[in-house]
Visitor: 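Structure in structure tokens, see below.
Proteins get letters first, then strands, A, B, ... in listed order; numbering begins at 1 in each.
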Amino acid sequence: MRYTISLSLGLVVFWLLNSGYYTPLILSLGAVSIVVVVYIVHRMNVVDHESQPLDLSGKILVYYVWLIKEIILANISVVKKIWLGKGSISPTLATITASQKTDMGKVIYANSITLTPGTVTISIDADRLIVHALISENIQSLKAGEMDRRVSKLEKLC
Amino acid sequence: MLIAATVAMLVVMALTIIRGFLGPTFYDRILAVNMFGTKTVLLISLLGFVMGRPEFLDIAIVYALINFISVIGVLRFSNSPVFKHDIQEKDSGENSS
Amino acid sequence: MMDMVIGIGSALCLLLGSFLCLSGGIGIIRFPDFYTRMHAAGVSDTLAASMILIGLMLQNPEMIVMMKLVMILLMTLFISPTASHAIAKAAMNSGLQPLLVQAETKTGDKSSHL
């Protein structure tokens, strides 16, 4: 029930922000489409904790700030490599062990790795992530495990 | 400044198209198409501001979603043999010719 | 005064975004194999897109336009890692081997037992 309410609220906000017309006709059309969407989502059986991690939403902001800083640093290093050319890159493939317990934590970790330029998660198998990196130092810093620790901390909070 | 950014975006799109035509494997082409789509979203938003019609942003949102779904839709078929044998076929073709 | 500061900030963001996009475009032409090109595409998907969209946000005071820009930004940031992971996984599954810098036994083992 909780997740249905939060989904409906999210859809209402989405409609109001996107529409910009607040006449009765348009608003009632919006209400009808929200009801239809909630019905379809119920039939698909995806209204649960996995699709809407509500507990996470407050605590994840600190992590986002750190992630944005990390993304900016990684962007600078990759752009430098692009202009320096082929000689300066050292593509590496490595296996990283993730310490998260839940699927949600693993997905957050793998997505964060992919979101920072220079490293891409190729596959997840239990707790082993196969990562392709543009520069071999990126793998070293991933193995040092600061991101891993932060995601684990986030996971414990939820 | 807006116009300069728009021109830069067009240049980047041209570069991506070149990679799409050159791309030795299927995956290079898919990557180029994906990046082309992202750049199109930015181009549409920029053009909306250049022309003074921010309504274009709706089209940009829809384009972002369609781009994602089309890439996933193409990759859905990546198990089919056409994708798999591309490299080997090309290699053997070069060897035999 | 305030308007001028915001205008300059917006112009700087747009300029930086265009430069990063161009770098991504150059990278996708210049890098030697598929997996490295993917990283170049990553640059132009994350920071470049954010910079251009932030530059546009600073241009316009209207609320609804601002919200739409924020929505596009969030969508880009959620979609791009998913798409690049899907492409990389499909490429790896279909047997496209990455070009690795050192043919050491360590990395060689790992790429062969995939």
Visitor: Which heavy-atom pair separates C:Ile79 from B:Ala64 by the least distance, and what is that distance?
Guide: CD1-O, 4.1 Å
Visitor: Quick check on C:Thr76 against chain B: is it the side chain, the backbone, both or neither that has a heavy atom closer than 4.5 Å?
Guide: side chain
Visitor: Which atom pair, heavy atoms only, marks the closest approach of B:Ala60 to C:Ile72?
Guide: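 The answer is CB-CD1, 3.8 Å.
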Visitor: Do C:Ile28 and B:Asp28 come close enough that some side-chain heavy atom pair is under 4.5 Å?
Guide: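 Side-chain contact under 4.5 Å: no.
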Visitor: Is chain C contacted by the side chain of B:Leu57, its backbone, both, or neither, given a heavy-atom distance below 4.5 Å?
Guide: both
Visitor: Could you check if a side-chain atom of B:Tyr27 sits within less than 4.5 angstrom of a side-chain atom of C:Ser94, using non-hydrogen atoms only?
Guide: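 A side-chain contact under 4.5 Å exists here.
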Visitor: B:Leu42 versus chain C, heavy atoms under 4.5 Å apart: side chain, backbone, both or neither?
Guide: side chain
Visitor: Select, from B:Leu46, B:Thr16, B:Val7, the one with the greatest count of heavy-atom pairs under 4.5 Å involving chain C.
Guide: B:Leu46
Visitor: Is the shortest heavy-atom distance from the side chain of C:Ser80 to the side chain of B:Thr38 under 4.5 Å?
Guide: no
Visitor: Measure distances from B:Val41 to the heavy atoms of chain C and classify the residue's part below 4.5 Å as side chain, backbone, both or neither.
Guide: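 Only the side chain of B:Val41 comes within 4.5 Å of chain C.
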Visitor: When heavy-atom pairs shorter than 4.5 Å are enumerated against chain C, which of B:Arg19, B:Met1, B:Met35 gives the highest number?
Guide: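 If we count pairs closer than 4.5 Å to chain C, B:Arg19 comes out on top.
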Visitor: Under 4.5 Å from any heavy atom of chain B, what part of C:Met75 do you find: side chain, backbone, both or neither?
Guide: side chain
Visitor: Looking at every heavy atom in both B:Leu15 and C:Gly25, which two are closest together, and how far apart are they?
Guide: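 So the two residues come closest at CD1-C, 3.6 Å.
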Visitor: Hey, are the side chains of C:Ser44 and B:Val12 touching, using non-hydrogen atoms and a 4.5 Å cut-off?
Guide: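 Not touching, per the 4.5 Å side-chain cut-off.
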Visitor: Tell me, side chain or backbone of C:Ile64 under 4.5 Å from chain B's heavy atoms, or both, or neither?
Guide: neither
Visitor: Hey, which of C:Thr82, C:Ile29, C:Ile26 has the most heavy atom pairs under 4.5 Å with chain B?
Guide: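 Heavy-atom pair counts peak at C:Ile29.
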Visitor: Among C:Ser18, C:Ala41, C:Ala91, who wins on heavy-atom pairs under 4.5 Å with chain B?
Guide: C:Ala91
Visitor: Work out which heavy atom in C:Leu22 is nearest to a heavy atom in B:Ala8; give both atom names and the distance.
Guide: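 Nearest heavy atoms, C:Leu22 then B:Ala8: CD2-O, 4.4 Å.
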Visitor: Heavy atoms under 4.5 Å from chain B: which residues of residues 10-17 of chain C carry them?
Guide: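 Counting heavy atoms that sit under 4.5 Å from chain B, the residues of residues 10-17 of chain C involved are C:Ala11, C:Leu14, C:Leu15.
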Visitor: Going by heavy atoms in the side chains, are C:Asp45 and B:Lys39 under 4.5 Å from each other?
Guide: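 When only atoms from C-beta onward are counted, B:Lys39 and C:Asp45 do touch, with a gap below 4.5 Å.
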Visitor: Between chain C and each of B:Asn34, B:Leu2, B:Leu65, count heavy-atom pairs under 4.5 Å; write down the option with the most.
Guide: B:Leu2
